[in-house]
Amino acid sequence: MLPTKSIYTRGAEDGAWMGLLFVAAVALQTLAQGSLLATLIADVLLVAVPAVLWVMLRRSYRYDRLLTTFSGLWMHGIMVFLCGSLILGLVAFMYMRFINPGFIYAQARLAVDLYSQIPEFETFAQTLQKAIDRKLLPSPIMITFTVIWLGSFSGAMLSMIEAGLVKAIVKK
């Protein structure tokens, strides 16, 4: 009989894979702007996140011979998203801080150009341009923490739903 792993260990191991999935999706969306194929692949990766989580939680539940509690499965999912979001946050920070330090302002300028062409969004474009001129855009570390919090919170909500579904659906 194999020694059992804790929920946290399994969550961290699965979170490393989820982090790679997040990084691949965001890298495709960011670095391949204008490429329809890259955008499509990135969208497929992001839509696959619930299915990947389902496989991870179901595997863990079966590994424990269907004895894991709802809260245990939920915590596993939370750890998956926390660790995955930390990996994405680290890679995003390194990119925005060291590889492409002007990324945030370049993206904001692209948004201004886009929104200034749409009459309904002209005021928004002007406001964003003022923020650029006054250097009021968020820093890479602010964006990184926002990504981590967003990924962790939304992942916790998705994990709660899927943990309940795994408990209700997966049988011997």
Side-chain angles (χ1 to χ4, degrees), residues 1-33 35-104 107 137-172:
M1 185 168 161
L2 296 172
T4 59
K5 292 182 182 179
S6 75
I7 293 165
Y8 304 103
T9 302
R10 277 187 249 161
E13 290 171 353
D14 290 343
W17 291 109
M18 190 67 80
L20 291 176
L21 182 102
F22 291 159
V23 168
V26 172
L28 282 169
Q29 286 182 336
T30 302
L31 300 175
Q33 290 179 355
S35 170
L36 182 60
L37 180 61
T39 303
L40 181 63
I41 293 170
D43 290 346
V44 168
L45 289 176
L46 290 175
V47 169
V49 167
V52 171
L53 178 65
W54 172 266
V55 169
M56 290 173 174
L57 292 180
R58 186 186 67 195
R59 184 190 67 224
S60 178
Y61 190 48
R62 286 185 173 165
Y63 180 82
D64 287 338
R65 289 179 240 115
L66 310 181
L67 298 174
T68 308
T69 62
F70 166 78
S71 59
L73 283 174
W74 187 14
M75 182 53 72
H76 178 184
I78 290 170
M79 289 303 298
V80 167
F81 280 95
L82 178 61
C83 293
S85 296
L86 285 170
I87 291 168
L88 175 60
L90 176 65
V91 171
F93 178 75
M94 299 297 280
Y95 178 76
M96 291 183 290
R97 179 73 169 90
F98 300 110
I99 297 170
N100 188 358
F103 177 77
I104 297 166
Q107 293 301 305
L137 296 182
S139 66
I141 196 69
M142 292 171 77
I143 291 174
T144 299
F145 276 101
T146 301
V147 164
I148 293 169
W149 279 111
L150 176 65
S152 298
F153 179 75
S154 60
M157 296 300 101
L158 179 62
S159 297
M160 178 177 57
I161 294 166
E162 289 204 20
L165 290 173
V166 166
K167 287 287 289 180
I169 294 172
V170 175
K171 303 292 180 203
K172 288 184 181 178

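One-based numbering along the sequence shown.
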Check whether more than 12 heavy atoms from other residues, nucleotides or ligands sit under 6.0 Å from atom [atom1] of [X], and answer yes or no.
{"X": "Tyr8", "atom1": "OH", "result": "no"}
{"X": "Phe145", "atom1": "CZ", "result": "no"}
{"X": "Met157", "atom1": "CE", "result": "yes"}

Under a 4.5 Å cut-off applied to non-hydrogen side-chain atoms, are [X] and [Y] in contact?
{"X": "Ile161", "Y": "Leu165", "value": "yes"}
{"X": "Leu158", "Y": "Pro50", "value": "yes"}
{"X": "Ile143", "Y": "Ser139", "value": "no"}
{"X": "Val147", "Y": "Ser85", "value": "no"}
{"X": "Arg10", "Y": "Met56", "value": "no"}
{"X": "Cys83", "Y": "Met18", "value": "no"}
{"X": "Met96", "Y": "Thr144", "value": "yes"}
{"X": "Ile87", "Y": "Phe22", "value": "no"}

Might you point out which heavy atoms bring [X] and [Y] nearest each other, and give the distance in Å?
{"X": "Ala163", "Y": "Trp74", "value": "CB-N, 3.7 Å"}
{"X": "Thr68", "Y": "Ser60", "value": "OG1-O, 4.3 Å"}
{"X": "Ser159", "Y": "Leu53", "value": "OG-CD2, 3.7 Å"}

Working to the nearest 0.5 angstrom, can you tell me the gap between [X] [atom1] and [Y] [atom2]?
{"X": "Gln29", "Y": "Asp43", "atom1": "CD", "atom2": "CG", "answer": "5.5 Å"}
{"X": "Met160", "Y": "Ile78", "atom1": "CE", "atom2": "CD1", "answer": "9.0 Å"}
{"X": "Leu28", "Y": "Leu40", "atom1": "CG", "atom2": "CG", "answer": "10.5 Å"}
{"X": "Thr30", "Y": "Gln107", "atom1": "OG1", "atom2": "CD", "answer": "7.0 Å"}
{"X": "Leu67", "Y": "Arg62", "atom1": "CG", "atom2": "CZ", "answer": "14.0 Å"}
{"X": "Leu88", "Y": "Ile148", "atom1": "CG", "atom2": "CD1", "answer": "8.0 Å"}

Keeping the roles fixed (side chain from Trp54, backbone from Glu162), state whether a donor-acceptor pair exists under 3.5 Å.
no
After noting the C-alpha distance and the side-chain angles of Leu20 and Trp17, does the key distance pass the side chain to side chain contact (heavy atoms under 4.5 Å, CB included) rule?
CA-CA 5 Å; Leu20 291 176; Trp17 291 109; 3.9 Å; yes
Between Val91 and Met94, does a side chain to side chain contact (heavy atoms under 4.5 Å, CB included) hold up when you go through it step by step?
CA-CA 5 Å; Val91 171; Met94 299 297 280; 5.8 Å; no
With the threshold set at 4.0 Å, does a side-chain nitrogen-carboxylate oxygen contact exist between Lys5 and Glu13?
yes
Contacts of Arg59 that satisfy salt bridge (Lys or Arg N to Asp or Glu O under 4.0 Å) - sequence neighbours left out
Asp14
Just do the side chain to side chain contact (heavy atoms under 4.5 Å, CB included) check on Leu66 and Lys167 with the steps written out, would you?
CA-CA 8 Å; Leu66 310 181; Lys167 287 287 289 180; over 6 Å; no
Could you go step by step and tell me if Phe153 and Phe81 meet the side chain to side chain contact (heavy atoms under 4.5 Å, CB included) rule?
CA-CA 8 Å; Phe153 179 75; Phe81 280 95; over 6 Å; no
